[in-house]
Amino acid sequence: MKKTFVTNEQLQEIVKEYPTPFHLYDEKGIRENARRLKEAFAWNKGFKEYFAVKATPNPFLLKILQEEGCGTDCSSMTELMLSEALGFDGSEIMFSSNATPADEFVKAREVNAIINLDDITHIDFLEKAAGIPETICCRFNPGGVFKISTSIMDNPGDAKYGFTKEQMFEGYKKLKDLGVKNFGIHSFLASNTVTNEYYPTLAKILFELAVELKEETGADIKFINLSGGVGIPYKPDQEGNDIKAIGEGVRKVYEEILVPAGMGDIAIYTELGRFMLGPYGCLVTTAIHEKHTHKEYIGLDASAVNLMRPAMYGAYHHITVMGKENQPCDHMYDVTGSLCENNDKFAIDRMLPKVDIGDLLVIHDTGAHGFAMGYNYNGKLKSAEVLLKEDGSTQLIRRAEKPEDYFATFDFCDILKDMKY
Ligand SMILES: *Cc1c(COP(=O)(O)O)cnc(C)c1O
């Protein structure tokens with residue numbers, strides 16, 4: 001059974017201060033998990049997690065991760081700006097972007113971030129836009145399908161990212177000629193994996209490539225970035241990843257491949273998003289309608305604007321009806337938001353206890369790729385974000401949008417000057 005990190009009693013108090021809907025984050029869970037990751041890779045001297053900012057771009061949460069020793073992985077101008085403002089050193093900022101605008105390369109160079117090139121043509125593009133730095137990383141895409149033993153995990157051959165193998169060799173040689181001294185390799189081959197084998201399997205591919213690249217180009221490879229993709233158990237019957245076992249699995253291939261090749265000083269980097277925060281956030285919402293037509297519906301005060309994954313991917317997010325945790329799930333509902341889009345459903349044919357208007361519903365695992373993917377369709381405003389601190393108190397870490405925010409991009413003209421707020 002999936003449990004909420006907040007009790008019903010706590011939540012009833014919290015909603016007196018913050019009206020629903022809002023995203024709630026669990027500081028204790030975030031810190032403990034970050035420490036487990038660090039511990040699992042403590043065998044590697046240079047290990048560092050660069051949290052994927054796009055998953056949860058909140059400065060308060062980034063600060064917590066920074067205190068736990070994490071850097072950031074950015075893919076846009078604003079993410080670079082956020083990292084800079086939080087005082088991350090350049091060596092703590094990875095810039096893993098694709099189809100990158102020139103001004104973002106300029107900004108990445110300005111903050112001295114580690115640039116992870118997505119394509120061989122970006123070498124010339126970067127040189128022209130901002131110059132080639134001494135340290136650079138190249139993103140690898142092996143093509144084909146990515147398998148773990150016999151099961152197909154994902155389809156890199158269809159993915160827009162990365163250099164081919166031939167381009168990795170050519171690119172490294174070219175970058176070396178342009179004065180690059182320190183190299184990295186990056187790859188992201190499967191998303192939301194719930195198997196301890198993903199990182200070790202990926203690591204083996206990248207470690208073997210590193211040995212070949214060094215032999216053929218003489219490049220000094222300083223780090224290998226295993227990127228994101230370690231998943232979380234969204235469904236109650238799924239077993240979560242064991243990060244300790246994952247760290248050990250990577251260590252095993254490291255000792256098999258890199259150490260004998262005299263490359264035992266390479267640092268391992270990760271760029272996890274979902275694994276770092278996913279389970280430590282939830283969307284708190286209130287049932288405001290029930291509807292009995294061809295199906296049974298519960299209408300919430302949250303919508304896909306607050307959490308897009310179910311609408312976008314048909315993703316499962318577990319729902320707990322607070323105060324009814326121990327009641328039988330003997331009612332079948334579609335749980336919906338208010339958008340004029342029939343895919344605005346948090347759950348379809350979900351068995352839940354009988355839901356009454358006014359019940360608080362907690363939608364689980366929204367700590368990553370939750371708030372961040374939100375949009376403003378139907379003129380709906382984005383919610384607040386609240387931090388449940390280690391001492392049990394709460395802190396507002398993002399206020400809810402107001403109509404003023406929604407209309408702010410018309411502030412240069414008079415046409416809405418009579419708008420009443
Ligand atoms: C999205 C992304 C990540 C994080 O992915 P998760 O699935 O959240 O772990 C890491 N690196 C890059 C380049 C990404 O685009």
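Atoms within a ligand are numbered from 1 in the order they appear, just like the ligands themselves.
Each of the following atoms of ligand 1 lies closer than 4.0 Å to a heavy atom of R139: 13 (C). Each of the following atoms of ligand 1 lies closer than 4.0 Å to a heavy atom of R274: 6 (P), 7 (O), 8 (O), 9 (O). Within the listing of ligand 1, atoms 13 (C) sit less than 4.0 angstrom from a heavy atom of S96. Residue G228 approaches ligand 1 through these ligand atoms, each under 4.0 Å from one of its heavy atoms: 5 (O), 9 (O), 10 (C). Each of the atoms 6 (P), 7 (O), 9 (O) of ligand 1 lies under 4.0 Å from some heavy atom of G229.
For S227, the closest heavy-atom approach to ligand 1 falls below 4.0 Å.
When only interatomic distances are considered, the shortest N/O to N/O separation between N192 and ligand 1 does not fall below 3.5 Å.
Using cut-offs of 30° and 60° on the angle between ring planes, the pair Y25 and H23 is parallel. F41 and F47 have parallel rings, their planes meeting at less than 30° on a 0 to 90° scale where 60° marks the start of perpendicular. In this structure, Y269 and F223 have parallel ring planes: the angle between them is below the 30° cut-off, well short of the 60° mark. Under the 30°/60° scheme for interplanar angles, the aromatic rings of Y375 and Y377 are found to lie parallel.
Relative to atom 14 (C) of ligand 1, the option among M94, H186, K54 with the closest non-hydrogen atom is K54. Among E271, H369, M276, the residue whose heavy atom lies closest to atom 10 (C) of ligand 1 is E271.
By the criterion of a heavy-atom distance under 4.0 Å, neither the backbone nor the side chain of F275 is placed next to ligand 1. When heavy-atom distances to ligand 1 are checked against a 4.0 Å cut-off, A52 comes that close only through its side chain, counted from C-beta outward. The side chain of D73, and not its backbone, has at least one atom closer than 4.0 Å to an atom of ligand 1 (non-hydrogen atoms only; side chain from C-beta on).
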#### Entry: Check against side-chain contact (heavy atoms from CB on, under 4.5 Å), K222 and I266
CA-CA 5 Å; K222 297 282 201 231; I266 289 184; over 6 Å; no

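There is no side-chain donor-acceptor pair under 3.5 Å between S75 and S96. Between the side chains of N196 and E248, no donor-acceptor pair of N or O atoms lies under 3.5 Å.
Shown are I136, I185, V180, D177; of these, the side-chain contact (heavy atoms from CB on, under 4.5 Å) with Y172 is made only by I185.
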